[in-house]
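Note that ligands are numbered from 1 as they come in the structure, with each ligand's atoms numbered from 1 the same way. What you see is a predicted model; the values in this text were computed from it and never measured.
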Amino acid sequence: MGYEHILVEIDAPIATVTLNRPKVLNALSPDLILELTTALSELDADENVRAVVLTGGPTVFAAGADIGDMADRGPVDQLLRDQTGRWAPLAGFSKPLIAAVNGYALGGGCEVALMCDLIVAGETARFGQPEINLGIIPGAGGTQRWPRTAGKHVAMEVMLTGAPVTAQRAYEVGLVNKVVPAEMTVEVARRLARQVAEKAPLAARMAKEGVLKAFESPLSEGLASERKSFYFLFATDDQKEGMHAFLEKRKGSFKGR
Ligand code: HXC
């Protein structure tokens with residue numbers, strides 16, 4: 001499928017998806033969201049792709065949902081088009097997803113970054129939830145993922161003041177994995193993606209599932225689920241390959257089977 005608002009580059013085993021509405025700072029219009037979620041569903045199904053980088057390019061990640069599109073809508077319009085529920089293919093993406101963030105990641109844009117598994121931030125990155133300035137609140141997970149990631153008080157500050165935090169502060173509170181010069185952001189994220197893509201894909205999938213489960217279940221349930229995944233992986237070819245490669249002092253070659 002050809003896309004108008006995003007770019008998709010596959011360089012197996014990784015892919016890069018770039019939000020591409022620079023004139024409006026990659027504002028997340030319904031068309032862009034549809035293209036992004038469609039592309040992610042396709043990449044999730046593509047066995048040649050093992051990790052994905054999601055970026056907005058060199059100057060901005062995304063300045064949030066398209067305000068022009070939302071300004072005159074009512075609650076029923078919002079419910080019927082399910083503006084916030086449509087992110088399921090992103091939140092439920094089964095492979096490692098790495099955000100490469102330069103410039104503003106605001107509102108829905110910040111929430112998109114929070115749905116990724118790792119975040120590489122350029123020094124110019126600014127993470128914020130300015131919805132309060134518009135008389136609304138975050139609607140794609142911001143109120144839930146910020147406190148789980150950065151703690152209650154940082155989350156409150158970001159939600160209640162609407163002021164963004166710098167890349168460095170985001171790093172200090174655990175929101176971001178690495179801060180790099182802005183011109184390096186995508187490259188560093190791709191390097192990380194390649195590193196992850198070398199690992200056993202089913203193990204990566206289950207490790208991701210396990211970590212996400214920690215946000216959603218009591219410890220005992222999370223541990224039970226982890227145990228089942230752990231045992232399941234002994235049914236895979238990649239477990240045999242990984243352990244025999246170690247014993248034979250060679251590098252494992254994983255097939256995702
Ligand atoms: C629509 C947007 C936009 C947005 C920027 N633009 N953000 N259009 N929706 N979210 C447009 C501007 O109107 C302008 O278009 C162009 O992009 C450049 O923006 P400027 O404001 O001129 O740039 P600058 O002065 O550098 O300021 C950058 C900025 C500011 C601080 C990021 O644009 C800003 O505050 N944007 C809104 C951020 C925001 O409130 N996001 C939350 C949205 S609500 P023209 O045509 O004038 O050149 C949300 C809810 C999520 O995300 C719900 C779940 C999905």
Distance filter under 4.0 Å to [X] heavy atoms, resulting ligand 1 atoms:
X: Lys23; value: 16 (C), 17 (O)
X: Ala27; value: 1 (C), 4 (C), 9 (N)
X: Leu134; value: 40 (O), 43 (C), 44 (S)
X: Gly108; value: 49 (C), 51 (C), 52 (O)
X: Glu111; value: 51 (C), 54 (C)
X: Trp87; value: 55 (C)
X: Glu131; value: 44 (S), 49 (C), 50 (C), 51 (C), 52 (O)
X: Met70; value: 44 (S)

Side-chain touch [X]/[Y], heavy atoms, less than 4.5 angstrom:
X: Arg21; Y: Asp66; value: yes
X: Asn177; Y: Val120; value: no
X: Glu216; Y: Glu221; value: no

of all protein heavy atoms, closest to atom 5 (C) of ligand 1 is Leu25 CD1, 3.8 Å
Which residue holds the protein heavy atom closest to atom 35 (O) of ligand 1, what is that atom called, and what is the gap in Å?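 Among all protein heavy atoms, the one nearest atom 35 (O) of ligand 1 is Leu106 CD1, 4.8 Å.
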Please say yes or no: joined through hydrophobic side-chain contacts below 4.5 Å, possibly via intermediate residues, are Phe61 and Leu192 part of one cluster? no
If two hydrophobic side chains count as joined below 4.5 Å and joins carry through other members, does Val53 share a cluster with Ile6? no
Could you tell me whether [atom] has a protein heavy atom closer than 4.0 Å?
atom: atom 41 (N) of ligand 1; answer: yes
atom: atom 28 (C) of ligand 1; answer: yes
atom: atom 32 (C) of ligand 1; answer: yes
atom: atom 17 (O) of ligand 1; answer: yes
atom: atom 7 (N) of ligand 1; answer: yes
atom: atom 12 (C) of ligand 1; answer: no
atom: atom 44 (S) of ligand 1; answer: yes

For Glu47, is the CD atom crowded, meaning more than 12 foreign heavy atoms sit under 6.0 Å from it? no
Is it the case that atom CZ in Phe215 sees more than 12 heavy atoms from other parts of the structure closer than 6.0 Å?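 Yes, because the 6.0 Å sphere around CZ of Phe215 holds more than 12 heavy atoms from other groups.
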Using a 4.0 Å heavy-atom cut-off, which part of Leu28 comes near ligand 1: side chain, backbone, both, or neither? neither
Contact region, Pro130 to ligand 1, non-hydrogen atoms below 4.0 Å, reads side chain
Considering both backbone and side-chain atoms of [X], is one of its nitrogen or oxygen atoms within less than 3.5 Å of a nitrogen or oxygen in ligand 1?
X: Ile67; value: yes
X: Gly107; value: no
X: Gly68; value: no

Nearest option to atom 52 (O) of ligand 1, as decided by whichever heavy atom of Pro22, Ala65, Ser29 sits closest: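 Nearest heavy atom to atom 52 (O) of ligand 1 lies in Ala65.
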Salt bridge or not between [X] and [Y]? Use side-chain N to carboxylate O under 4.0 Å.
X: Asp46; Y: Lys95; result: no
X: Lys208; Y: Asp117; result: yes
X: Arg250; Y: Glu241; result: yes

With no hydrogens and no angle check, is any side-chain donor or acceptor of Gln129 less than 3.5 Å from a backbone partner on Ile137? no
